Amino acid sequence: QQPVQSPQAVILREGEDAVINCSSSKALYSVHWYRQKHGEAPVFLMILLKGGEQKGHEKISASFNEKKQQSSLYLTASQLSYSGTYFCGISNSNSGYALNFGKGTSLLVTP
Amino acid sequence: DGGITQSPKYLFRKEGQNVTLSCEQNLNHDAMYWYRQDPGQGLRLIYYSQIVNDFQKGDIAEGYSVSREKKESFPLTVTSAQKNPTAFYLCASSIKATPNEQYFGPGTRLTVT
């Protein structure tokens, strides 16, 4: 089932913080976060696994709340380059090879 | 440089014609995926393959077909049975079919008129 992302859109001034949430109606095994700029391919940000393991390339933090079946992505001291659409993709089991992606959160950082 | 290539970037077809989208990776990844992206809908899984000569349907497989004869190639055919084929198609791969980073290709924008 498709996860629900909130908010749908957010506008920030450079340097401000934002939180993007991803909620599932089923128990989560893993949550993947990607950022996509207009007309480009999504770029990997982070994976969070049940049990606390995290894999990521950028200095972006996120949380995984198993009890609430949700994940949150924290964007602090935002930069202009953070603008884009953020997608979470979820897997509900450790044999779930495929991800269900949310509809995305559009983030615009202004000078 | 390693990566995923998709060709062409833009594709135009007449209704009723089948069309094949190319996806090639030189990352030596086992798993490959096809997603469809429509405005405001996020990414929806069409097909995925964990290993050569094996593939599974995703959420919206109807009207699509795939093959995985080589590790590096995972072409997608959009058949005339697909009712709304106009979309942005993204191919991705991951080292294994377990929770791992997916690398995406640049996408193919298909327009059917």
Side-chain angles (χ1 to χ4, degrees), chain A residues 1-9 20 22-24 28-58 60 64 71 84-106, chain B residues 3-7 9-10 21 23-25 27 29-51 54-61 64 66 68 74 87-109:
Chain A
Q1 281 188 323
Q2 189 173 40
V4 176
Q5 288 187 234
S6 62
Q8 286 186 311
I20 300 173
C22 176
S23 297
S24 171
L28 289 171
Y29 179 77
S30 67
V31 179
H32 303 225
W33 287 98
Y34 289 81
R35 177 173 61 216
Q36 184 180 31
K37 295 187 181 284
H38 184 68
E40 299 180 7
V43 173
F44 169 80
L45 297 176
M46 179 173 285
I47 293 175
L48 301 99
L49 300 171
K50 182 178 179 179
E53 184 181 354
Q54 296 187 5
K55 308 179 194 178
H57 290 309
E58 294 195 18
I60 288 178
F64 184 120
S71 174
T85 301
Y86 289 77
F87 293 100
C88 69
I90 64 171
S91 172
N92 296 114
S93 75
N94 62 357
S95 63
Y97 304 108
L99 298 176
N100 286 313
F101 282 91
K103 293 186 177 182
T105 295
S106 176
Chain B
I4 300 179
T5 56
Q6 291 185 245
S7 60
K9 190 171 178 65
Y10 298 96
L21 280 57
C23 177
E24 304 277 332
Q25 55 99 358
L27 299 167
H29 285 175
D30 283 341
M32 297 188 74
Y33 314 82
W34 273 106
Y35 294 95
R36 169 181 172 141
Q37 188 171 33
D38 297 284
Q41 294 299 316
L43 302 167
R44 292 185 291 169
L45 183 68
I46 305 172
Y47 268 98
Y48 63 101
S49 168
Q50 300 168 45
I51 198 168
D54 179 69
F55 47 83
Q56 286 82 41
K57 292 182 180 180
D59 298 324
I60 56 166
Y64 299 97
V66 293
R68 186 87 187 275
F74 191 39
F88 187 49
Y89 291 88
L90 286 160
C91 178
S93 71
S94 63
I95 189 163
K96 295 286 182 185
T98 53
N100 278 301
E101 174 182 355
Q102 291 189 16
Y103 293 78
F104 284 84
T108 292
R109 190 165 296 279

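Predicted model only: the values in this text are computed from it and were never measured. Sequence lines set the chain letters: A, B, ... in the order given, protein chains first and strands last, and positions in each chain run from 1.
- Shown here for B:Gly42 and A:Phe87, the closest heavy-atom pair between the two residues is CA-CE2, 3.4 Å.
- Partners of B:Gln6 according to the side-chain hydrogen bond (donor to acceptor under 3.5 Å, both in side chains) rule, which considers only residues two or more places apart in sequence or in another chain, do not exist here.
- The two atoms that bring A:Tyr34 and B:Gln102 nearest to each other are OH-N, 2.8 Å, heavy atoms only.
- Heavy-atom distances place both the backbone and the side chain of B:Leu43 under 4.5 Å from chain A.
- Using a 4.5 Å cut-off between heavy atoms, A:Gln5 makes no contact with chain B at all.
- Minimum heavy-atom separation, B:Gly105 to A:Ala41: O-CB, 2.9 Å.
- Applying the salt bridge (charged side-chain N to carboxylate O under 4.0 Å, His left out) test to B:Arg44 and every residue at least two apart in sequence or in another chain returns B:Asp38.
- Closest heavy-atom contact between A:Glu40 and B:Phe88: O-CE2, 4.4 Å.
- Nearest heavy-atom pair across B:Gln41 and A:Gln2 is O-NE2, 3.5 Å.
- In this structure, A:Ile47 and B:Asn100 approach most closely via the heavy-atom pair CD1-C, 3.4 Å.
- Separating the OH atom in B:Tyr48 from the CG atom in A:Leu99 is a distance of 10.5 Å, to the nearest 0.5 Å.
- By the neighbour-count criterion of 12 heavy atoms within 6.0 Å, atom NZ of A:Lys37 is densely surrounded, having more than that number from other residues, nucleotides or ligands.
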